[in-house]
Amino acid sequence: MSSDAAAGHAGVKTAVRADTEVNFGFWIYLMSDVIIFAMLFVAYINLSDRTAGGPSGAELFHLREVFFETMALLFSSLTFGLAMLGLHAGKRNAVIGWLAVTFVLGACFIGLELHEFMTLIEEGASFTRSGSMSGFFALVATHGGHVTVGLIWIVVMMSQLATKGLTAPVASRMARLSLFWHFLDLVWICVFSTVYLPWILQ
Amino acid sequence: MSVSNPSHAHEPTLAGYLTGFGLALILTLIPFGLVAWDGLAIATTLVVVAICAVLQVLVHLIFFLHLDMSEEQRWNTISIAFSAVIMFVLVGGTIWLFYSLKFRMMVGY
């Protein structure tokens, strides 16, 4: 056992341990998501040059749009971190405030992505156009769907923080939302490096 | 047996998040800057983009997801290492298979 002398720590320690186990379960889910994304990446990589005579990413993707999407997610990772710092400091209003900022940044990302999707479809490059576009939409929309779930989760946590306060279960859920949100930013790094930048370069 | 890390040692810090954010920002600006500049050979740029992506993933894992080999995080780290092996087999194997297939069938060439 741990050499923690203070007996008062025992309760906290047990709570932390139980929390660690639940978080580990959620982590295993994220690892299964990693495999799903890996296969979508593979599908995209193998299909990306199969444009069936249609437009390719070189004509369709715009660096500026992708840059703003990337920045929105990166800044949202920082603001979520600040929310977690507020949680550890026991400052409820700071947590709710930073979650709100994170939500706005995430919503900006989704807005930009939907705008991009609609522009692509208007330009005749919807997911039915070619294997390349099928692979693109399957991968990028799966990521966008995850971010949308994250946004809903943020709203749920904001309302729980407002009504229940900084209780142990709420803090525990925040820890898992933190994993989820940072994980989505991590997947996006792979998306812009694999999908967008190589095409824009050509 | 185990080193008694006080639990607050693993609590995130402002310095940690800011360091992670700074590094991630640099590792994002380098690939976007190179692609916007378009001054290097495509292959060179792609290699730099790939290196920056791998480094930034590591930065996120360490500074945002707080992975390390501490008692609290050890199994998370081991499971992601295992997932990385599975990913390598799936991604590497599938790409190899399809390029080999394309080469043998010369589809569209």
Side-chain angles (χ1 to χ4, degrees), chain A residues 1-5 9 12-13 16-17 19-21 23-24 27-28 30-32 34-35 37-39 41-43 45-47 49-50 63-64 66-67 70-71 74-75 77-82 84-85 87-88 178-179 181-183 185-187 189-190 192-194 196-198 200-202, chain B residues 1-8 10-14 16-18 20-21 24-25 27-29 31-32 34-36 38 42 45-46 49-50 52-54 56-57 60-61 63-66 71-73 75-76 79-80 82-84 86-88 90-95 97-99 102 107-108:
Chain A
M1 269 301 287
S2 129
S3 54
D4 266 307
H9 277 180
V12 178
K13 194 91 182 170
V16 168
R17 172 58 55 85
D19 225 35
T20 305
E21 280 166 9
N23 288 344
F24 180 62
W27 183 258
I28 295 298
L30 287 181
M31 293 305 99
S32 70
V34 162
I35 303 297
F37 276 111
M39 294 323 292
F41 272 106
V42 159
I45 289 167
N46 281 310
L47 289 168
D49 57 351
R50 304 305 172 88
L63 190 63
R64 173 196 282 264
V66 185
F67 183 70
T70 306
M71 284 298 125
L74 184 54
F75 273 88
S77 265
L78 177 65
T79 57
F80 200 99
L82 295 174
M84 290 307 284
L85 289 178
L87 185 77
H88 284 282
S178 166
L179 291 178
W181 194 259
H182 290 307
F183 168 75
D185 194 12
L186 196 151
V187 173
I189 298 167
C190 303
F192 77 69
S193 302
T194 311
Y196 289 102
L197 294 187
I200 293 169
L201 202 52
Q202 290 183 8
Chain B
M1 178 189 82
S2 65
V3 183
S4 83
N5 286 320
S7 63
H8 64 252
H10 300 301
E11 277 181 17
T13 60
L14 181 63
Y17 277 118
L18 288 178
F21 177 74
L25 194 61
L27 290 168
T28 301
L29 291 178
F32 274 89
L34 280 180
V35 170
D38 203 15
I42 288 183
T45 310
L46 284 179
V49 167
C52 286
V54 171
Q56 195 180 168
V57 165
H60 278 240
L61 288 176
F63 290 97
F64 293 158
L65 290 158
H66 311 297
E71 194 185 353
E72 204 182 322
Q73 289 287 328
W75 279 101
N76 290 15
S79 59
I80 200 173
F82 177 68
S83 303
I86 299 289
M87 259 192 311
F88 179 75
L90 286 175
V91 175
T94 312
I95 290 174
L97 188 154
F98 272 92
Y99 274 88
K102 194 156 108 180
V107 178

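Reckoned from all heavy atoms, side chains included, excluding hydrogens, waters and symmetry mates. The chains referred to below are lettered A, B, ... by the order of the sequence lines, with proteins before strands, and numbering in each begins at 1.
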Legend entry - Plane angle bin for A/Phe192 and B/Phe32 - parallel if under 30°, tilted between 30 and 60°, otherwise perpendicular: tilted

Is there a side-chain contact between [X] and [Y] in this structure, where contact means two heavy atoms from C-beta onward sitting under 4.5 Å apart?
| X | Y | result |
| --- | --- | --- |
| A/Met71 | B/Leu25 | yes |
| B/Lys102 | A/Arg50 | yes |
| B/Glu71 | A/Thr20 | no |

Legend entry - Check: A/Phe75 ring centroid to B/Phe21 ring centroid under 6.0 Å: yes

Which heavy atom of [X] sits nearest a heavy atom of [Y], and at what distance?
| X | Y | answer |
| --- | --- | --- |
| B/Val35 | A/Ile200 | CG1-CG2, 3.8 Å |
| A/Ile35 | B/Ser83 | CD1-O, 4.2 Å |
| B/Leu90 | A/Val42 | O-CG2, 4.3 Å |
| B/His60 | A/Leu186 | CB-CD1, 4.0 Å |

Inset, instruction - For each of A/Ala43, A/Ser77, A/Ser193, A/Gly81, tally heavy-atom pairs with chain B at distances under 4.5 Å, and name the one with the top tally. - result: A/Gly81

Legend entry - Under 4.5 Å from a heavy atom of chain A, the part of B/Asn76 involved: both

Legend entry - Residue among B/Thr45, B/Leu29, B/Val57 with most heavy-atom pairs under 4.5 Å to chain A: B/Val57

Inset, instruction - Run the numbers on B/Phe64 and A/Leu78 for side-chain contact (heavy atoms from CB on, under 4.5 Å), then give the verdict. - result: CA-CA 8 Å; B/Phe64 293 158; A/Leu78 177 65; 5.5 Å; no

Legend entry - Partners meeting side-chain hydrogen bond (donor to acceptor under 3.5 Å, both in side chains) with B/Ser79 (sequence neighbours left out): A/Trp27

Inset, instruction - Could you list the residues that satisfy side-chain hydrogen bond (donor to acceptor under 3.5 Å, both in side chains) with B/Thr28, not counting sequence neighbours? - result: B/Gln56

Legend entry - B/Leu14/A/Leu82 under side-chain contact (heavy atoms from CB on, under 4.5 Å): CA gap, chis, key distance, verdict: CA-CA 7 Å; B/Leu14 181 63; A/Leu82 295 174; 3.5 Å; yes

Legend entry - Interface moiety of A/Val187 toward chain B, non-hydrogen atoms closer than 4.5 Å: neither

Legend entry - Residue A/Leu30 versus chain B: region with a heavy atom under 4.5 Å: neither

